[in-house]
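Let me begin by presenting the structure, written as structure tokens, before commenting on it.
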There are 2 protein chains.
Amino acid sequence: MPQSSDTTSYKDIKITVLSRIRSGEWQPDSLLPNEQDLAVEFSCTRTTVNRALRELADEGYLERRRKAGTRVLSAPQRQARFTIPMVRDEVEAMGGTYRYALVSSKLEIAPEWLSARLALSSGQNVMHVRCMHFNGNTPFQYEDRWIVPASVPQVKQADFSQIGPNEWLIQTVPFTNVELSFLASRADATIAGFLDVPEGEPVFTGERITWLQGQPVTFAKMFFAAGYRMTTQF
Amino acid sequence: MPQSSDTTSYKDIKITVLSRIRSGEWQPDSLLPNEQDLAVEFSCTRTTVNRALRELADEGYLERRRKAGTRVLSAPQRQARFTIPMVRDEVEAMGGTYRYALVSSKLEIAPEWLSARLALSSGQNVMHVRCMHFNGNTPFQYEDRWIVPASVPQVKQADFSQIGPNEWLIQTVPFTNVELSFLASRADATIAGFLDVPEGEPVFTGERITWLQGQPVTFAKMFFAAGYRMTTQF
DNA sequence: CAGTGGTCTAGACCACCTT
DNA sequence: AGGTGGTCTAGACCACTGG
């Protein structure tokens, strides 16, 4: 029998299981019935139960181990998922008008801290790009980025006056590994000027390092305008 | 035939698909073959292909639509997953020794900003708990939290001198909805004192609102010590 | 060793969406 | 209208691991 209105689907099972946890019927740390028994209860196959429980475990509600069974997590290791949109999308999602402006773009010798951070050989050239992202005429983000030509040779011919380095990289280097950090930093004179805030102001800051198959591609610092907050619900 | 060493599993397919995207064989925005064709290519059933592609879509690499097919996302909407551990776990994972200290805990009338934020009726009582989390003797996080007795009556009898309000809440209210934000704030005199930083220092700050079935449970501000960064890889 | 979850097959119907 | 992904069934073997 195919799934239809009167069939129990894996989504129904997820909802039911969650409500039993909420209601306290299935206490934290307690063991759930095994898949076969649940399949009988829900009048479906074990495959369907399996998918429901697998997804719930993936979402951090349950812990599953062979032979040991499925357990309600006592301190749900809820994982917050932050979608990391491109700046343009973020501004437009707020109903704003995105505008990009290049500040400077030049090839230079990698500063020592960058060489250390990206494991570059000393004295290696990097493309240093600084730019601004606006919401209308309001500063939204100041970006300070270095791109490694040894990994992305095309960068020497790239023109960042019209397209931001991030969008350019995504088009050019389709797939990468990323390390992303967020922290609070202090606006120095440069940043304060670009973001139009007093010097010394706290600035929400992102740092992003990107590799392509083990080769360092880019290091970027993103300084967000005053009042920015990164939010998620779960 | 069951899965065994020579069978193509959904994991193999995921790896293969990812490598084809990396290598540029499947360009961004391009359409993948449909599931049936891929099943033939990989000598497996469509079910297995389906699981592989479904998970890749879930991870943000692909976009799938009925009839339209499966497409490589041009600007991979990579979702960063930050695991939100409890403070204790976070400190211990760093190899540190966790220590908790209650600063104050008292019932008070909800300030107006809090009433607005949590949609409380004005003049409603809330439990205000302030506490510190240490790594050894080094301040790690200062926590300023309000708990709504109307939603969690037990809070009036709770003793926060030994257990932190977050751990207590997890034990007491096993299941909740959460809104989590991160921002950069400025250390006022109080925060500066607790975190042992100069006043005015930028402080990485988390704000967490929790509901239980639509009822506001708690609002918490978490101020992290200097140098804190939230990091993830993907 | 034996129970539990992990995964695959082969086939089917359906929902949705683009054309 | 027809193709594509979404999901379910019924059955099977396997991998891991707790007792």
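Per chain, numbering begins at 1; letters A, B, ... match sequence-line order. Keep in mind that this is a model prediction, so the values were computed, not measured.
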**OP:** Identify, between B/T47 and B/P33, the residue whose nearest nucleotide on DNA chain D lies closer to the 5' end.
**Re:** B/P33
Subject >> For atom CZ of B/R54 and atom C1' of D/dC8, their distance in whole Å >> reply: 12 Å
Subject >> OG1-CH2 distance between B/T218 and B/W146, expressed to the nearest 0.5 angstrom >> reply: 9.5 Å
**OP:** Please report, rounded to the nearest Å, how far the C1' atom of C/dG5 is from the CG atom of A/L31.
**Re:** 12 Å
**OP:** Establish, with yes or no, whether the OP1 or OP2 oxygen of D/dG5 is under 4.0 angstrom from a side-chain nitrogen or oxygen of B/N50.
**Re:** no
**OP:** To the nearest Å, give me how far apart CG (A/L53) and P (C/dG6) are.
**Re:** 9 Å
**OP:** Starting at atom CZ of B/R51, determine the distance to atom C1' of C/dG5, rounded to an integer number of angstrom.
**Re:** 11 Å
Original post:
Should A/T70 be listed as having a side-chain N or O under 4.0 Å from OP1 or OP2 of C/dG5?
Top reply: yes
**OP:** Consider the side chain of A/K67, meaning its heavy atoms from C-beta on, and name the nucleotide among D/dT4, D/dG5, C/dG3 that approaches it most closely.
**Re:** C/dG3
Subject >> Separation of C/dG5 C1' from A/Y10 OH (nearest whole Å) >> reply: 19 Å
**OP:** Figure out the CD/P separation between B/E55 and D/dG6, and round it to whole Å.
**Re:** 13 Å
**OP:** Mind checking B/R46 for me? I need base, sugar-phosphate or nothing, with any heavy atom below 4.0 Å counting as a touch.
**Re:** base
**OP:** Hey, could you give me the CZ/CG distance between B/R46 and B/L53, rounded to the nearest 0.5 Å?
**Re:** 10.5 Å
Original post:
Looking only at side-chain N and O atoms, does B/T45 come under 4.0 Å of OP1 or OP2 in C/dG11?
Top reply: no
**OP:** Please say which of B/R64, B/R54, B/E35 ends up in a side chain to side chain donor-acceptor pair (under 3.5 Å) with B/T70.
**Re:** B/R64
Original post:
Centres of the A/F204 and A/F182 rings: under 6.0 Å?
Top reply: yes
Subject >> Whole-Å gap separating P (D/dG18) and CZ (A/R66) >> reply: 12 Å
Original post:
Which residue, A/R65 or B/Q36, contacts DNA chain D at a nucleotide closer to its 5' end, judged by nearest heavy atom?
Top reply: B/Q36
Subject >> Spacing of A/I13 atom CD1 relative to D/dC8 atom P, expressed in whole Å >> reply: 8 Å
Original post:
Are B/R71 and B/S30 close enough that a side-chain donor and a side-chain acceptor fall under 3.5 Å?
Top reply: no
Original post:
Which listed nucleotide (C/dG3, C/dG6, D/dT7) is nearest to the side chain of A/S9?
Top reply: D/dT7
